[in-house]
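Heads up: the structure comes next, in structure tokens.
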Amino acid sequence: MFLPAGSQDETGTQIANRLKAYEIFRKVTEERNYQLISTPVVEYAHTFTNKIAGMDLHSMLKWFNGEGEIEVLRPDWTAAVARAIAKQHISCQKWSYQGSVFRMDKDGTESRQAGIEIVHAEPFLGESECLLTAIHFLDKIETTNYIIELGHTNIFEYVIRPLSLTVEIEEELRNAMHNKNRDLVQQLMAPFDNSVKETLIQLIDAYGGNEIIKKFKDIWVNDVELSKLLNHMDKLIQLLESVGVAEVIVDLGRVKNLPYYDGIMFRGFLTSDGSTCFSGGRYDKLYKQFEMDTSAVGLAFDVDILSQHMKPSKTKSIACIIATPETHLFAEKQRKELEEDIIDIQYDSINVSKYDVVYQVIEENKQLKVVRK
Amino acid sequence: MKPVIALTKGRLEKQFLAYFESLDFDVEPLLDKGRKLRIETSEFSFFFAKGVDVTTYVENGIADLGVVGGDILIEHKPDVYDLFPLPFGHCRMALATKANYEWPNQKKRIASTFTNITNAYFKEKGESVDIIKLEGSVELAPILGLADAIVDIVETGTTLKENGLVIADEFLHFSARLIANRSTLKVKRQQLVPVIERFKKGVNEE
């Protein structure tokens, strides 16, 4: 029997690490007063493809149901959680989830996430709480070598606003910025105001540490709106640095890659190989489809990436008790005596070399006892 | 760890080496590489792969930077930073067919390696065609009667001419491009940005 492309069986450390990551994530979010939420794996495509959510149907695993509606395997948690919590009372602010998402544009069809959504909270509180939860969780899974990157959707949106671009050109320009494609940005901006073109070209290279914020604070000193955005990002950077995050960077040229992103965007990179371990941001707009004017921010961890990089757990010693059908129950009772160890009961001594300690049940003076072999 | 650069084998390879040398980088180990696919210089780790594989290695973070034809990027749309054009590897995409060919009064059959580019080209023209995917020597397709025409990359036009084909239309102009992995550009920026700036300087001086 074979597996479809992108699917895989798993055993051993990878799955143990993933379960450990899920468990630690649940504990961390419980300690921080998040409520658990789970949404179904099967949803209507419209939840994700509607004009506001704006996801691409091509990359979803989909089929027609009996009524001719398109159903999909959940491609994204954020839009699904928004649908689910829109009906919840406004007092419920903090939600956590964990489970798989399914997309055909990823290396594997299924990938596992653990994430949080914070709604109805004061914006800075929501963003700080998101990032501090991320740091708390990374600390608990002993992941210390990472970089946090901040971006803001409204920098690009604000800079191009005076141009009144058509939807098509705006999207093409946004893509060119997303790809840091300098010549395409220049080409698309050729018919327009030179100062906007220059700003966009500067933004392509505006990634790095604190020096980038300082440089652009000087450049935009007379622009109230952009200065406000930079100050907002600066406040978050100071927060992250004060809790000991080794490296915080910004990418001022980052643009939204989904239409519902609206404000701060964050991303975590593991320094060992550059893989992205979490991403998220603000998406108040997503709730407009439910006629809600609210604050919403969240992030999701890529649990597959994290579990590949987690240090192996300190393993207990593995003991084998060799018993017989008659002495099996006695051997079972020894678990209490040997609770520091992992106990495996066997009836023969084949493969005993794989155990750290081997015991045998013997009978002495009509009494059963275990002796170390 | 040195920056890792993936280079496209073949047509672009020699042109890259000349360009790289013009920027005063150490090219000596690359000139005598023989059939080796991985080469270390004093500053970089290089490896050589087919164009489309260069994008895969960069997308997956095996290489930090890559040099690849713009045609490959448009055809395959890899998830990488597509930074800027390099001053070599200039070519264009062309629709070509046999000289004096009378187009049939039915849906055309177009052979190409670049099926996505072909599809987009005819879509923009508002014309339905059947696209036949070939892996190479596409010039054969009209000659042997497999297709009415081809869409292929053209550098000088000599191959088309020698095979009795003429260009019916030209669209999209490309050159080699510098691409970067989305994460490592940020994580290894202290190493990569000076290299990119040197490449950029070479482009601006052209």
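Note that this is a predicted model, so its numbers are computed, not measured. Chain naming here is simple, since letters A, B, ... match the order of the sequence lines and numbering starts at 1 in each.
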Could you tell me which of [options] has the largest number of non-hydrogen atom pairs under 4.5 Å with chain A?
options	result
B:Gly61, B:Pro85, B:Ala180	B:Pro85
B:Thr184, B:Leu83, B:Asn181, B:Ile196	B:Leu83
B:Lys188, B:Arg177, B:Met1, B:Arg182	B:Arg182

* Would you verify whether the NZ or CZ of B:Arg198 falls within 45 degrees of the ring axis of B:Phe25 while also being under 6.0 Å from that six-membered ring's centre? =>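 Yes, B:Arg198 lies over the aromatic ring of B:Phe25.
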* Asked: With a cut-off of under 6.0 Å to the ring centre and 45° to the axis, is B:Lys33 in cation-pi contact with B:Phe48?
  ->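 B:Lys33 over B:Phe48 ring: yes.
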Does any backbone or side-chain atom of [X] lie under 4.5 Å from a heavy atom of chain A? Answer side chain, backbone, both or neither.
X	result
B:Val193	side chain
B:Asp79	side chain
B:Ile179	neither

* To do: Report the residues that fulfil salt bridge (charged side-chain N to carboxylate O under 4.0 Å, His left out) with B:Asp152, sequence neighbours left out, ordered by chain and then residue number.
  =>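 Here no residue qualifies.
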* To do: Pick whichever of A:Thr276, A:Asp251, A:Thr271 has the most heavy-atom pairs under 4.5 Å with chain B.
  =>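 Between A:Thr276, A:Asp251, A:Thr271, the count favours A:Asp251.
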* Portion of A:Asn181 that has a non-hydrogen atom of chain B nearer than 4.5 angstrom ->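 A:Asn181 touches chain B through backbone and side-chain heavy atoms alike.
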* To do: Answer with yes or no after comparing the ring centroid distance for B:Phe46 and B:Phe20 against a 6.0 Å cut-off, counting only values under it.
  =>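 Yes.
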* **With sequence neighbours excluded, residues passing ring-ring contact (aromatic ring centres under 6.0 Å, His included) with A:Phe278** =>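 Only A:Phe301 meet the ring-ring contact (aromatic ring centres under 6.0 Å, His included) criterion with A:Phe278.
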* Taking atom OG1 of B:Thr118 and atom CD1 of B:Ile110, what is their separation to the nearest 0.5 Å? ->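 Output value for this atom pair is 8.0 Å.
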